[in-house]
Amino acid sequence: MSQVLFPNLSVERRHKIAERCIVYTVQSTAELSQTLSQLQEVIIEKNVKLVVVDSVASLVRHEFNSAALASRQDELIKEAQTLKYLGENFNIPILVTNQVSQTGLH
């Protein structure tokens with residue numbers, strides 16, 4: 001895929017870029033919270049310049065039903081506060097994405 005997106009970069013250069021990426025895969029909000037709590041140390045040790053969190057609401061949506069909306073919101077707020085703290089204190093961009101879903105459309 002990187003060859004299609006970046007055809008002018010050599011294979012070696014694409015590999016060097018990929019080696020600089022740290023990827024965490026979490027399966028629950030507890031794992032996400034633990035990962036976020038350890039992220040400050042990783043940012044310092046690895047000189048992180050960008051944090052990307054993909055599908056931030058997905059885990060929360062799956063763990064909390066619609067009746068637990070307040071709990072779901074509390075979890076998202078906690079995650080957002082941690083990411084805001086990291087971005088501001090380390091002067092790095094934090095990019096957060098969310099799954100897009102459509103219900104009721106035909």
Side-chain angles (χ1 to χ4, degrees):
M1 180 171 206
S2 65
Q3 184 176 3
V4 173
L5 294 173
F6 306 104
N8 296 332
L9 290 179
S10 69
V11 172
E12 181 180 321
R13 181 72 179 129
R14 289 193 303 265
H15 282 251
K16 284 185 178 192
I17 292 169
E19 287 173 356
R20 295 177 53 202
C21 295
I22 304 167
V23 177
Y24 297 96
T25 303
V26 297
Q27 302 298 321
S28 68
T29 55
E31 282 184 57
L32 178 59
S33 293
Q34 181 180 7
T35 301
L36 291 177
S37 71
Q38 297 168 350
L39 204 49
Q40 179 171 327
E41 188 175 316
V42 174
I43 289 169
I44 294 168
E45 287 178 5
K46 303 286 187 179
N47 195 25
V48 171
K49 300 295 184 190
L50 169 68
V51 173
V52 178
V53 182
D54 185 27
S55 301
V56 68
S58 178
L59 292 172
V60 178
R61 189 181 307 116
H62 290 293
E63 289 186 29
F64 297 95
N65 61 30
S66 58
L69 185 59
S71 297
R72 180 167 49 177
Q73 289 174 333
D74 289 344
E75 185 64 34
L76 287 170
I77 289 168
K78 185 174 73 173
E79 292 168 6
Q81 288 172 333
T82 300
L83 292 167
K84 181 180 179 194
Y85 165 82
L86 294 170
E88 288 177 348
N89 284 290
F90 293 99
N91 197 31
I92 59 173
I94 308 290
L95 175 64
V96 178
T97 69
N98 194 14
Q99 286 181 322
V100 177
S101 61
Q102 297 177 349
T103 58
L105 298 177
H106 302 282

If you measure from NE2 on His15 to CG on Leu9, what distance do you get to the nearest 0.5 Å? 11.5 Å
With a 4.5 Å cut-off on side-chain heavy-atom distances among I, L, V, M, F, W and Y, is there a chain of contacts connecting Ile92 to Val52? no
Scanning both residues in full, the closest heavy-atom pair of Leu86 with Leu36 reads CD1-O, 4.3 Å
Residues that Glu75 engages under salt bridge (charged side-chain N to carboxylate O under 4.0 Å, His left out), provided they are two or more places apart: Lys78
Determine whether a donor-acceptor pair (N or O, by modelled atom type, separation under 3.5 Å) exists between the side chain of Thr97 and the backbone of Ser55. yes
Polar contact flag, side-chain donor to acceptor under 3.5 angstrom, Gln40-Tyr85: yes
Which is it for Phe90 and Ile44 under the side-chain contact (heavy atoms from CB on, under 4.5 Å) test, yes or no, and what are the steps along the way? CA-CA 9 Å; Phe90 293 99; Ile44 294 168; 3.5 Å; yes
Looking at every non-hydrogen atom in both residues, tell me the closest pair between Leu39 and Val51 and how far apart they are. CD2-CG1, 4.0 Å
Distance-minimising heavy-atom pair for Ile94 and Leu83: CG1-O, 3.5 Å
Distance from Lys84 atom NZ to Asn89 atom CG, nearest 0.5 Å? 10.5 Å
Which pairs with one or both residues in residues 42-52 pass salt bridge (charged side-chain N to carboxylate O under 4.0 Å, His left out), sequence neighbours excluded? none
Ile22-Val53 co-clustered via ILVMFWY side chain contacts under 4.5 Å: yes
Heavy-atom closest contact (Glu31 atom, Val26 atom, distance): OE1-CA, 3.6 Å
CG of Asn91: more than 12 outside heavy atoms within 6.0 angstrom? no
